[in-house]
Structures are given as C-alpha cells and as structure tokens.
Amino acid sequence: MPDRYNWDLTEIYASDASWDASRTELGTDVAKLAAAKRERFPTPGELFDTLALRDRVDERAARVSSYANLRHDLDTREGRGQQMREQSR
C-alpha cells in the first residue's frame with residue numbers, strides 16, 4: 001500500500017526506540033504510583049504531585065498503547081508490530 005495511506009506514527013513517537021524508552025519509563029512511573037498509594041497525604045503538595053504522576057501515567061499509557069496498536073495494524077504480517085502490541089498490554 002502506498003505510504004500516503006498509512007498513519008504517520010512519528011506524530012506519536014519518533015521511532016520504535018523512543019516508544020520502547022517511553023514504555024520502560026511508564027513501568028517505572030507505575031511503580032512510583034503504586035508506592036505512593038495511601039489513604040491520606042501529609043501535605044497538599046504531596047497529594048498534588050501524586051495526582052500529577054497519575055495523570056502522566058494515564059497519558060503515557062494511552063500513547064504507548066495507541067502507537068503499538070497502530071504500528072501493528074500497518075502490517076499485521078510483521079512480527080515486531082505484534083510484539084509491541086503485546087508489550088503494551
């Protein structure tokens with residue numbers, strides 16, 4: 001299929017390598033978020049920081065997942081797209 005009919009995934013990530021780096025950072029941020037889980041926060045600033053981290057995790061998870069799914073759909077015969085899709089879950 002001509003390239004003009006394909007998605008321009010560089011608008012999401014510049015390359016598969018940058019997607020992989022973001023996916024790794026997402027795992028780190030999820031671990032930080034899990035460690036910050038508590039019923040009460042000692043200061044409003046700590047609550048704010050935790051909520052900001054949660055928002056970054058949500059945004060990054062959506063970008064990682066979208067890129068992987070679109071990358072897979074470009075050519076479902078290609079193994080790398082399938083691998084990325086599985087890694088993003």
Side-chain angles (χ1 to χ4, degrees):
M1 179 178 313
D3 282 342
R4 66 183 178 173
Y5 296 114
N6 290 331
W7 290 294
D8 181 10
L9 297 181
T10 61
E11 293 179 12
I12 303 172
Y13 288 108
S15 66
D16 289 355
S18 62
W19 171 86
D20 198 44
S22 185
R23 183 183 58 84
T24 301
E25 290 173 18
L26 176 61
T28 302
D29 285 348
V30 167
K32 287 179 190 175
L33 192 58
K37 184 178 178 181
R38 59 188 73 155
E39 290 185 27
R40 291 184 174 210
F41 290 88
T43 66
E46 191 173 335
L47 173 60
F48 177 82
D49 291 344
T50 302
L51 293 174
L53 177 60
R54 180 203 59 191
D55 292 346
R56 285 193 308 273
V57 165
D58 286 346
E59 180 183 341
R60 182 172 285 147
R63 290 183 73 213
V64 164
S65 177
S66 293
Y67 183 91
N69 286 317
L70 292 171
R71 173 79 165 69
H72 171 262
D73 290 345
L74 282 175
D75 187 351
T76 58
R77 300 167 297 173
E78 185 187 42
R80 178 66 176 141
Q82 177 67 31
Q83 178 188 28
M84 292 172 75
R85 194 164 130 181
E86 292 300 318
Q87 288 176 326
S88 72
R89 293 183 179 183

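For Arg63, there are no side-chain hydrogen bond (donor to acceptor under 3.5 Å, both in side chains) partners two or more places apart in sequence or in a different chain. Under the salt bridge (Lys or Arg N to Asp or Glu O under 4.0 Å) criterion, Arg40 pairs with no residue at all, not counting sequence neighbours. Val57 pairs by the side chain to side chain contact (heavy atoms under 4.5 Å, CB included) definition with Leu26, Asp29, Val30, Leu33, Leu53, not counting sequence neighbours. Taking the side chain to side chain contact (heavy atoms under 4.5 Å, CB included) definition, one finds that Ser18 meets it with Tyr13, Ala14, Ser15, sequence neighbours left out. Take Arg23 and apply the salt bridge (Lys or Arg N to Asp or Glu O under 4.0 Å) test, not counting sequence neighbours, and it matches Asp20. Considering only residues two or more places apart in sequence or on other chains, Asn69 meets the side-chain hydrogen bond (donor to acceptor under 3.5 Å, both in side chains) condition with Ser65. Checked against side-chain hydrogen bond (donor to acceptor under 3.5 Å, both in side chains), Arg77 has the following partners two or more places apart in sequence or in another chain: Asp75.
Identified under the side chain to side chain donor-acceptor pair (under 3.5 Å) test for residues 43-59, with sequence neighbours left out: Arg38-Glu46. Residue pairs satisfying the salt bridge (Lys or Arg N to Asp or Glu O under 4.0 Å) criterion with at least one member in residues 2-11, sequence neighbours excluded, are absent.
In this structure, Glu78 and Arg71 have side chains that are in contact, with non-hydrogen atoms separated by less than 4.5 Å. Proximity of Ile12 to Trp7: side-chain heavy atoms (C-beta onward) are nowhere separated by under 4.5 Å.
The CD atom of Glu25 lies 9.0 Å from the NZ atom of Lys32; values are rounded to the nearest 0.5 Å.
Between the side chain of Trp19 and the main chain of Val64, a donor-acceptor pair closer than 3.5 Å is present.
No side-chain donor-acceptor contact under 3.5 Å links Arg85 and Gln82.
Through chains of ILVMFWY side-chain contacts below 4.5 Å, Phe41 is grouped with Leu47, Leu51.
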